[in-house]
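Written out below as structure tokens is the structure these notes cover.
First the proteins, then the strands, lettered A, B, ... as listed; each starts at 1.
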2 protein chains.
Amino acid sequence: MPTLSMQDYAKALYVLEQRQPGRISTSALASYLDLSPAAVTEMLHRMAKVQPPLVDYRPRRGARLTTEGQRLALRMLRRHRLLERFLHDVLGFPLEQVHTEAERLEHAVSDAFIQRLAAWMGEPKSDPHGHPIPGPDLQPPDAPGRPFRSLAPDARAQVVQVCDRDPEQLRRLAALGLRPGQRFRVLERDPYEPVFRIRLEPQGTEVLVGPRLAAALRVEPLATEASSS
Amino acid sequence: MPTLSMQDYAKALYVLEQRQPGRISTSALASYLDLSPAAVTEMLHRMAKVQPPLVDYRPRRGARLTTEGQRLALRMLRRHRLLERFLHDVLGFPLEQVHTEAERLEHAVSDAFIQRLAAWMGEPKSDPHGHPIPGPDLQPPDAPGRPFRSLAPDARAQVVQVCDRDPEQLRRLAALGLRPGQRFRVLERDPYEPVFRIRLEPQGTEVLVGPRLAAALRVEPLATEASSS
DNA sequence: AACAAAATTTAGGCAACCCGAAATCCACGC
DNA sequence: GCGTGGATTTCGGGTTGCCTAAATTTTGTT
Ligand SMILES: [Mn+2]
Ligand SMILES: [Mn+2]
Ligand SMILES: [Mn+2]
Ligand SMILES: [Mn+2]
């Protein structure tokens, strides 16, 4: 089994490759993992050298996960998200705390643990932030919904995913009521600035969504029910 | 928070001090942890040097836990045993697998996790091997029952604790039916060799208990019900 | 009291990981 | 084509934790 650090690097590479297909640069990985570029270079060397190799690393042109590396990443994402589901649904951890806790636990559980936990929880398909949980076959799941910024004025939609990496932002989102499942209507989209005004349904609260929050949300458009009433 | 290794050393020192009060020798600790004596010497130095110190170490005359070290040990034992209870009762792990799994998890969970897990499980008082779970106050619990070898012929008793460190032995115990809660009567105690013959109640199965198994069991004597019938 | 065996510590190494600073590379603008 | 700034790698260092082999100390004899 790869080391704890390799597990986190693999996950990070997977997420970054999803965002922007292609090779991932040392600096992109370093800033995502909050490590020095020097540390990342070294680790990429190690991950390219283990058998089987986890990354295809070409000095000065970044790295990509190998098939084996991708399997590792998906295995870790499955663990992470299943654990988050457990922490939130069963133990009642608040949304903004589950990520940190799962980030440590994911390395300590065994495959047997995950298999039993998944069965016991009824094979959940997504974590409490709305991220899809890879199945035991480790097929890459696809991200549900689409970016918030793609919404047109007057559209109705539902939050399907919130970003889990920034606890403070997550607290803000939670305070505003923007959690997975929340429905809303776009009231206004500023034509010049990337600012939206939305109304939560059914609460009726109005919320301003700027570029920071918008980037943290993915949404699912809904049929424009009772648009004139 | 002390390192993962220090956490395991603290637990080991606590268990060994329970068995045999007084200073613990380097070699005793090394053999319990399955490490070289040199590694143990080094770690004892580190544990004596951190602030606050976890052990009182005097070169060539062994080590004892400080109050702080004992608190750490009890914190880890609470985590370990609570996790074992969860793994066995909720996820259905067999008795001989829970120890290994908990040995890793205990270092990855947070205090908040343990607090929530304990509450959710209804504050269990013992683990599936019968070991007492220290409370949140971290008071040293006392070992229930007494050694198996202290049983006299014809006595009735109940298994209250099985040793959890040897999976193979645990499988043997389970195969023989000797798990916590099992009642039995001592039919015979060899006067010369440390060998017992017992009959399980209510099954009626007869089992031979030699010195190895006897050392792995603690028992609670029962009233000699219906001794003549 | 003197030795030898046993226990323990010290010395020297190694593997993971990480960092800051120095060197190196390469791509873009002129 | 030629610098040069920014990205990247290399170098030297530091920490934790383990091992084997070589001292060293203690202990249990004769
Ligand atoms: Mn992690
Ligand atoms: Mn998540
Ligand atoms: Mn452990
Ligand atoms: Mn146990």
> To the side chain of A:Met43, which of C:dT8, C:dC18, D:dC19 is closest?
Replying inline: C:dC18
> Which nucleotide sits closest to the side chain of B:Ser5: D:dC18, C:dC18, D:dT9?
Replying inline: D:dC18
>> Between P on D:dT16 and CD on B:Gln7, what's the gap in Å once rounded to a whole number?
In response: 14 Å
>> With a 4.0 Å limit, can you tell me whether A:Tyr9 has a side-chain N or O closer than that to the phosphate oxygens OP1/OP2 of C:dC18?
In response: yes
> Side-chain contact, heavy-atom cut-off 4.5 Å: A:Trp120 with B:Val90?
Replying inline: yes
> Within this structure, what is the CG-to-C1' distance between B:Leu4 and C:dC17, rounded to whole angstrom?
Replying inline: 15 Å
> Is B:Thr3 near enough to D:dG17 that one of its side-chain N or O atoms lies under 4.0 angstrom from OP1 or OP2?
Replying inline: yes
> Within the structure shown, what part of the strands sits under 4.0 Å from B:Thr26 by heavy-atom distance: base, sugar-phosphate, or nothing?
Replying inline: sugar-phosphate
> So, B:Arg46 and B:Glu42, do they make that salt bridge, N to O below 4.0 Å?
Replying inline: yes
> Going by atom types alone, do A:Ser5 and A:Thr3 pair a side-chain donor with an acceptor below 3.5 Å?
Replying inline: no
> Between D:dT9, C:dT9, C:dC19, which nucleotide gets closest to the side-chain atoms of A:Tyr57?
Replying inline: D:dT9
> Given atom NE2 of A:His107 and atom C1' of C:dC17, what is their separation to the nearest angstrom?
Replying inline: 14 Å
> Base, sugar-phosphate, or nothing: which does B:Ala38 touch, judged by heavy atoms less than 4.0 Å apart?
Replying inline: base
> Starting at CE of B:Met47 and ending at P of D:dG17, how long is that distance when rounded to a whole Å?
Replying inline: 10 Å
> Between atom CG in A:Leu35 and atom P in C:dC17, what is the gap in whole Å?
Replying inline: 11 Å
>> Side chain of B:Ser27, heavy atoms from C-beta onward: which of D:dT10, C:dC17, C:dT8 has the nearest atom to it?
In response: C:dT8
> Between D:dC18, D:dT9, C:dT10, which nucleotide gets closest to the side-chain atoms of A:Thr41?
Replying inline: D:dT9
> Which of these, B:His99, B:Arg85, B:Arg218, B:Glu84, sits in a side chain to side chain donor-acceptor pair (under 3.5 Å) with B:His129?
Replying inline: B:Glu84
> Which is true for B:Pro59 with a 4.0 Å heavy-atom rule: it touches a base, it touches only sugar-phosphate, or it touches nothing?
Replying inline: sugar-phosphate
> In a check of side chain to side chain contact (heavy atoms under 4.5 Å, CB included) between B:His80 and each of B:His131, B:Glu106, B:Gln7, B:Arg75, which one passes?
Replying inline: B:Glu106
>> Under 3.5 Å, is there any donor-acceptor pair linking the side chain of B:Arg60 to the base of C:dT8?
In response: yes
> Is there a donor and acceptor pair, one atom on the side chain of B:Glu42 and one on the base of D:dC18, closer than 3.5 Å?
Replying inline: yes
> What's the NE2-C1' distance between B:His45 and C:dA11, to the nearest Å?
Replying inline: 14 Å
>> Against the six-membered ring of B:Tyr32, is B:Arg165 placed for a cation-pi contact (under 6.0 Å from the centre, within 45° of the normal)?
In response: yes
> What is the distance, rounded to the nearest whole Å, between atom CD1 of B:Ile24 and atom C1' of C:dA7?
Replying inline: 15 Å
> Contact class for A:Arg61 vs. all strands (heavy atom < 4.0 Å): base, sugar-phosphate, or nothing?
Replying inline: sugar-phosphate
>> Between P on D:dT16 and CE on B:Met1, what's the gap in Å once rounded to a whole number?
In response: 16 Å
